[in-house]
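Inspection log for the structure reproduced underneath, given as structure tokens.
Just so we're on the same page: letters track the sequence lines, and every chain starts at 1.
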Amino acid sequence: MQEKYDPRAIERDAQSFWEARRAFSVSEDRSKPKFYCLSMYPYPSGKLHMGHVRNYTIGDVLTRHHRMRGRNVLQPMGWDAFGLPAENAAMANGVPPARWTRDNIVYMKRQLQALGFALDWERELATCDPAYYKWNQWFFTRLFRRGLAYKTTGVVNWDPVDQTVLANEQVIDGRGWRTGALVEKREIPMYFLRITEYADELLAALDELPGWPERVKLMQKNWIGRSEGVRLAFPYELEGERKLLWVFTTRADTLFGATFCAVAAEHPIATWAARRDPQIAAFVDECKRGATMEADIAQLEKKGMPTGLECIHPLSGERIPVWVANYVLMGYGEGAVMAVPAHDERDFDFALRYRLPIRPVIRHPLGDAVPAPWKPEYAEYGTCIHSGKYDGLGYAAAVDVIASDLQAKGLGERQVQWRLRDWGISRQRYWGCPIPIVHCEACGDVPVPDEQLPVLLPEDVVPDGTGSPLAKMPEFYQTSCPSCGKPARRETDTMDTFVDSSWYFARFACADNPREMVDARAAYWMPVDQYIGGIEHAILHLLYSRFFQRLMRDEKLLAISEPFTNLLTQGMVLAESYYLDTPEGRREWIDPAEVEVRRDAKGKLVSAIRRADGAEVIYDGLGTMSKSKNNGVDPQELIERYGADTARFFAIFASPPTNTLEWSDEGVEGSYRFLKRLWSYAVRFKAGGGPAVASELSKATRFEIHSVLNQANYDLSKYQLNTVASAAMKILNALDRLAGVDDEVAKEGLSILLRLLSPITPHICHHLWRELRFGEDVMSAAWPEPDKNALVQDEIEYVVQVNGKKRGTLVASKALDSRALEALVRASDIVKRYIGDLVIKKVIVVPGRLINIVV
RNA sequence: GCCCGGGUGGCGAAACUGGUAGACGCAGGGGACUUAAAAUCCCCAGGCUGAAAGGCCAUACAGGUUCGAGUCCUGUCCCGGGCACCA
């Protein structure tokens with residue numbers, strides 16, 4: 001046996017052992033329970049970063065663990081290969097996105113293989129491959145025919161200089177990232193998927209996902225945002241015609257407090273008012289400028305203007321003004337609200353600013369009046385006051401009566417409102433899946449027939465940042481109508497990449513099938529038993545996937561509704577990011593490795609400069625590692641220096657999977673040291689020599705090893721993998737202390753250690769398992785379980801507290817009951833010393849743990 | 001702004017269901033081995049105080065519940081994720 005731990009040689013050998021046996025290629029073996037373990041596939045951005053290493057190591061640990069527990073485990077890998085960064089790289093380097101993407105895939109695949117993940121590479125897929133995106137298109141045409149995909153207008157960020165649509169990420173402080181031009185909102189035709197049709201089901205089914213973290217379910221629940229309320233109308237007269245201004249409210253009980261109505265800038269009333277009054281037109285224009293992001297809109301200063309229109313309160317008959325306001329969103333409810341300043345914070349602020357009346361109509365905990373400033377109590381439920389015949393009613397009763405009174409007048413009804421909006425999937429971009437529609441003057445929007453699929457994306461294109469590349473390629477868009485044969489224009493928008501990622505997990509089951517989107521093998525493997533990925537996907541990706549699974553169910557492609565049985569949301573790996581403002585007003589992101597940082601005594605950053613030229617750079621805070629911020633830490637050096645096992649061990653040991661992790665290389669050394677210690681222990685063990693004599697020490701060591709193992713198995717079930725790594729270290733420490741005393745216990749302990757550790761550091765464990773003749777392949781060994789007999793203890797150390805403060809310990813036989821223990825403790829030195837003459841009021845005995853004396 | 005998390009030594013963290021706060025590591029200090037260094041091994045280590053035994057303080061901050069709170073409740077501050085076109 002080699003004296004020295006040589007990760008390079010060991011890892012090469014182990015990996016070729018697995019490869020020769022196709023150890024991770026699995027099929028639909030019905031003799032074992034199946035287990036589909038999947039980590040979210042990566043975007044091929046260039047090279048792996050630490051977030052990937054962490055994500056895939058976690059997935060691999062779970063995969064290998066379940067495999068050793070006797071399950072038929074599938075762990076595939078693929079590439080989320082369409083997307084914006086490829087177009088940006090193309091613009092920067094003049095290389096077509098297709099080539100850039102495929103080169104990245106080759107490089108990153110080699111990195112993943114070097115890490116020794118138990119991946120079934122025979123199922124590899126890339127979403128930019130026509131064999132994959134064909135099925136996006138095929139499925140879209142199905143949805144289109146069923147009305148689940150439809151065309152309407154949607155709002156986008158428009159860069160007036162580049163004449164192009166910008167992604168939210170490309171809008172910085174309301175300006176285009178390349179041009180610096182003020183971004184405008186623009187309405188364009190887009191395709192939408194009718195996710196709202198499934199809102200009810202997507203919400204209700206959250207309760208049947210016990211394997212999902214509560215917080216993710218809560219986030220989805222709030223995102224879907226079901227609220228019960230009343231849709232009601234304020235009649236108004238416009239150019240001699242009676243019309244209705246519809247609003248939605250969850251607080252119909254406050255209806256008598258409505259002192260004005262507010263409409264969004266895009267509302268027909270605002271459009272009408274803008275035509276009459278140039279000042280309103282200017283204000284409406286101002287509201288329509290700026291980006292589309294809700295975060296930006298919500299932080300705007302609340303502004304508004306009266307439209308000059310008055311409407312009639314549906315119950316009191318009072319005339320109240322209609323305003324246009326920038327805080328009302330066209331996309332939610334009716335695009336108009338009734339404003340009740342006394343009981344809604346935003347309306348309150350708005351009313352104060354524009355001196356609109358504030359009329360309290362609910363008795364709240366602080367009384368009847370609502371003096372400024374705003375207090376949260378004003379919004380609480382209470383009894384109606386100043387509300388005519390509704391006075392004295394509570395929330396539920398008031399809403400009930402008001403709703404039915406409105407209904408009788410034809411001015412309202414109870415309604416369920418959702419926050420969730422339909423999913424706009426059109427992107428005016430090149431590097432994505434073409435939407436398979438042909439626009440024909442005679443036949444309208446015609447889906448491309450199956451036999452003409454896929455609509456191939458031309459691959460030798462280098463976008464230039466202006467307009468949409470496909471819309472500039474007649475050879476792409478000139479076509480004939482599939483229905484009437486006349487010349488027609490092909491749709492030039494591509495699909496949101498979230499479409500690709502909403503079903504890729506099902507395709508892994510049958511990636512080689514050229515005839516069907518999914519087949520019987522998908523029915524075997526789906527649902528994914530364990531899904532692992534970043535918490536940043538808690539809403540969009542996971543919700544879209546749940547939606548798509550239902551679409552596929554209703555298309556009779558798969559029978560299940562939920563794609564992911566258990567979900568582990570990994571915390572993000574954070575790194576600091578720095579940028580320079582370029583003369584063109586853009587941000588140039590600087591790799592943190594090139595930045596020299598000065599900090600004050602408390603560790604707060606004082607200044608940062610770029611090493612190369614001493615330029616002062618701006619600190620942008622801690623954030624997720626990303627291509628766009630150029631702050632990803634490349635694991636390559638780590639792997640080359642220490643080997644895959646060290647990198648893997650450290651990724652697991654550094655922090656529990658769900659924690660965010662501020663990356664730092666410090667500490668890697670300790671993981672490497674541990675593996676070296678394990679190796680040298682194995683060398684000594686192999687040399688042999690210890691007598692097999694049971695002693696106090698060997699008994700204590702067995703107890704320690706088995707209790708650590710017991711805890712590790714529990715931790716594993718809770719995904720607390722960092723303490724499993726600690727457990728391995730503790731076992732090695734215990735074995736070290738035993739060295740040369742009892743070979744039987746050492747052998748058992750080492751066999752437990754290697755099996756427990758093998759999912760984390762598979763290469764070294766594979767090698768030692770064979771070297772020490774434990775068996776041929778540690779992966780096929782049984783998962784270790786603690787021996788109950790080893791866990792039995794005759795004596796227990798009790799903590800003795802006085803008034804909850806620890807004052808000492810007491811070792812007692814485990815056979816003693818509470819009364820015996822109490823007697824023992826009353827007679828002990830501790831009582832004499834700390835209690836003296838004080839009267840003992842009560843003695844609390846926690847079995848097996850502690851005794852607390854209350855005086 | 002809204003929704004969801006998090007905050008424990010110099011650092012990553014641990015603490016079963018409310019029951020010994022800091023396991024296991026990193027960095028650090030001391031020692032052994034070595035001509036020396038690296039590697040390795042042993043010891044120390046939350047803060048203050050004390051010769052020691054010990055005592056007091058301590059889980060972001062301020063309160064509360066409890067025999068007992070890192071853990072439960074209320075409020076505040078700070079950090080992170082998401083906010084529908086980054087993926």
Side-chain angles (χ1 to χ4, degrees), chain A residues 40 42-43 45 80 82-85 88 154 156-157 165-171 213-216 218-223 225 292-300 302 327 331 345-346 419-429 496-498 501 534-541 543-544 569 571-572 574 603 621-624 626-629 650 653-656 658-662 664 666-671 673-674 676-677 680 711 714 720 722-723 725-730 733 797-806 808-809 841-844 846 849-850 852-855:
Chain A
M40 291 178 186
Y43 178 78
S45 55
D80 186 13
F82 276 137
L84 200 53
N88 296 335
V156 294
N157 305 306
V165 174
L166 296 179
N168 285 339
E169 190 192 47
Q170 298 171 315
V171 180
E214 284 307 319
R215 72 154 150 158
V216 173
L218 192 54
M219 281 190 261
Q220 292 214 349
K221 184 179 169 212
N222 292 336
W223 184 263
T292 57
M293 284 101 91
E294 196 196 309
D296 290 351
I297 295 164
Q299 279 168 74
L300 290 175
K302 288 170 198 67
Y327 69 91
E345 185 172 6
R346 284 185 315 180
R419 210 187 75 95
L420 184 67
R421 308 197 299 260
D422 276 342
W423 173 15
I425 60 156
S426 294
R427 298 290 179 269
Q428 298 67 45
R429 270 194 262 294
D496 181 1
T497 56
F498 273 125
S501 56
I535 184 66
E536 71 274 22
H537 294 292
I539 297 174
L540 292 179
H541 164 60
L543 187 63
Y544 290 150
T569 45
M572 317 228 7
L574 305 183
L622 269 177
T624 152
S626 72
K627 182 87 183 161
S628 59
K629 291 198 174 177
F650 184 61
F653 180 66
S655 167
T658 51
N659 271 29
T660 51
L661 177 61
E662 291 170 31
S664 138
E666 284 175 23
V668 176
E669 205 54 61
S671 300
R673 201 173 293 153
F674 165 66
K676 281 193 289 186
R677 276 183 59 211
S680 70
Q711 183 66 40
Y714 176 80
Q720 187 155 301
N722 57 323
T723 49
S726 298
M729 289 175 148
K730 286 177 184 175
N733 288 346
E797 189 186 53
Y798 286 88
V799 169
V800 181
Q801 296 183 331
V802 178
N803 286 342
K805 265 187 194 286
K806 181 189 171 188
T809 57
K841 275 204 247 169
K842 201 156 85 172
V843 177
I844 292 158
V846 181
R849 287 208 156 262
L850 63 71
N852 187 16
I853 306 162
V854 186
V855 297

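Across the C1' atoms, A62(B) and G7(B) are found 16 Å apart, a figure rounded to whole Å. Between the P atoms of A69(B) and C85(B), the separation comes to 49 Å (whole Å). If you take atom P in G46(B) and the same atom in A21(B), they sit 14 Å apart, rounded to whole Å. Rounded to whole Å, the separation between the C1' atoms of C77(B) and G18(B) comes to 26 Å. Nucleotides A39(B) and C48(B) place their C1' atoms 38 Å apart, quoted to the nearest Å. Comparing G50(B) with C73(B), their C1' atoms sit 39 Å apart, to the nearest whole Å. A distance of about 14 Å separates the C1' atoms of G19(B) and C72(B), rounded to the whole Å. Between the P atoms of A38(B) and A87(B), the separation comes to 49 Å (whole Å).
Glu662(A) comes within 4.0 angstrom of no nucleic acid atom, judged by non-hydrogen atoms across all strands. Within the nucleic acid shown, Gln428(A) comes within 4.0 Å of at least one base atom, counting heavy atoms only. Residue contacts shown for Val668(A) are absent, as no nucleic acid heavy atom lies under 4.0 Å away. Among the protein residues, Gly623(A) comes within range of the sugar-phosphate backbone only, with heavy atoms under 4.0 Å from sugar or phosphate atoms but none that close to a base. Counting any heavy atom pair closer than 4.0 Å across all strands shown, Leu300(A) reaches no nucleic acid atom. Looking at heavy-atom distances under 4.0 Å, Ser45(A) makes no contact with the nucleic acid at all. At a threshold of 4.0 angstrom between heavy atoms, the contacts of Pro656(A) are confined to the sugar-phosphate backbone, with no base atom among them. At a threshold of 4.0 angstrom between heavy atoms, the contacts of Val171(A) with the nucleic acid are absent.
With sequence neighbours excluded, the residues forming a salt bridge (charged side-chain N to carboxylate O under 4.0 Å, His left out) with Glu294(A) are Arg419(A), listed by chain and number. Leu850(A) meets the side chain to side chain contact (heavy atoms under 4.5 Å, CB included) test with Val799(A), Gln801(A), Val846(A), Asn852(A); sequence neighbours excluded. Evaluation of the salt bridge (charged side-chain N to carboxylate O under 4.0 Å, His left out) rule for Lys629(A) yields Asp620(A) as partners, not counting sequence neighbours. In this view, Glu214(A) and Lys217(A) satisfy the salt bridge (charged side-chain N to carboxylate O under 4.0 Å, His left out) rule, not counting sequence neighbours. Remark: Tyr544(A) pairs with Trp423(A), Phe498(A) by the ring-ring contact (aromatic ring centres under 6.0 Å, His included) rule, at least two apart or across chains. The salt bridge (charged side-chain N to carboxylate O under 4.0 Å, His left out) check on Arg429(A) picks up nothing, with sequence neighbours excluded. Taking Tyr798(A) as the reference, nothing meets the side chain to side chain donor-acceptor pair (under 3.5 Å) condition, with sequence neighbours excluded.
The CG atom of Asn168(A) sits 5 Å away from the P atom of C86(B) (whole-angstrom rounding). Computed from coordinates, the Gln720(A) CD to A23(B) P distance equals 16 Å when rounded to whole Å. The CD atom of Glu536(A) sits 14 Å away from the C1' atom of C83(B) (whole-angstrom rounding). Rounded to an integer number of Å, the gap from Phe650(A) CZ to C24(B) P is 18 Å. Rounded to whole angstrom, the span from the CE atom of Met293(A) across to the C1' atom of C86(B) amounts to 11 Å. The interatomic distance linking Met572(A) (CE) with G81(B) (P) rounds to 6 Å, in whole Å.
For Thr723(A) and A14(B), the shortest distance from a side-chain N or O to OP1 or OP2 is not below 4.0 Å. One finds no side-chain N or O of Gln711(A) lying less than 4.0 angstrom from the OP1 or OP2 phosphate oxygen of A23(B). Contact annotation: Asn659(A) does not reach the phosphate of G12(B) (side-chain N/O to OP1 or OP2, under 4.0 Å). Distances shorter than 4.0 Å separate none of the side-chain N or O atoms of Asn88(A) from OP1 or OP2 on C86(B).
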For nucleotides 39-50 of chain B, tabulate all protein N/O to nucleotide N/O atom pairs closer than 3.5 Å, reporting atom names and distance.
{"from": "U40(B)", "atom 1": "OP1", "to": "Lys676(A)", "atom 2": "NZ", "distance (Å)": "3.4"}

Polar atom pairs (N or O), protein with nucleotides 2-8 of chain B, under 3.5 Å:
{"from": "C3(B)", "atom 1": "O3'", "to": "Asn222(A)", "atom 2": "ND2", "distance (Å)": "2.9"}
{"from": "C3(B)", "atom 1": "O2'", "to": "Asn222(A)", "atom 2": "ND2", "distance (Å)": "2.8"}
{"from": "G5(B)", "atom 1": "O2'", "to": "Arg215(A)", "atom 2": "NH1", "distance (Å)": "3.3"}

Tabulate atom names and distances for all N/O pairs under 3.5 angstrom spanning the protein and nucleotides 68-72 of chain B.
none

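Closest to the side chain of Lys730(A), out of G81(B), A84(B), C24(B), is C24(B). For Gln299(A), whose side chain is taken as the heavy atoms from C-beta onward, the closest listed nucleotide among A84(B), G1(B), C24(B) is G1(B). Distance from the side chain of Asn722(A) is smallest for A14(B) among the nucleotides U20(B), A14(B), C26(B). With C86(B), C83(B), C24(B) as the candidates, the nucleotide lying closest to the side chain of Met729(A) is C24(B). Side chain of Tyr43(A), nearest nucleotide from A87(B), A84(B), U17(B): A87(B). Proximity note for Ser655(A) (side chain, C-beta onward) versus A23(B), U17(B), A13(B): the nearest is A13(B). Of the listed nucleotides (C85(B), U17(B), C26(B)), U17(B) has the atom at the smallest distance from the side chain of Tyr714(A).
Glycosidic conformation, G12(B): anti, with the torsion outside 90° of 0.
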Per-nucleotide protein contact string for nucleotides 52-64 of chain B, where B marks a base within reach and S marks sugar-phosphate only (heavy atoms under 4.0 Å, - for neither): --SSSS-------
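Nearest heavy atom pair, residue Phe653(A) against residue Ser726(A), reads CE1-OG, 3.5 Å.
Proximity of a side-chain donor or acceptor of Asn157(A) to a complementary backbone N or O of Thr292(A) within less than 3.5 Å is detected.
Counting only Watson-Crick and G-U wobble pairs whose two distances sit under 3.5 Å, RNA chain B takes part in these stems of three or more pairs: B:1-7 with B:77-83, B:10-12 with B:24-26, B:28-32 with B:40-44, B:46-49 with B:54-57, B:60-64 with B:72-76.
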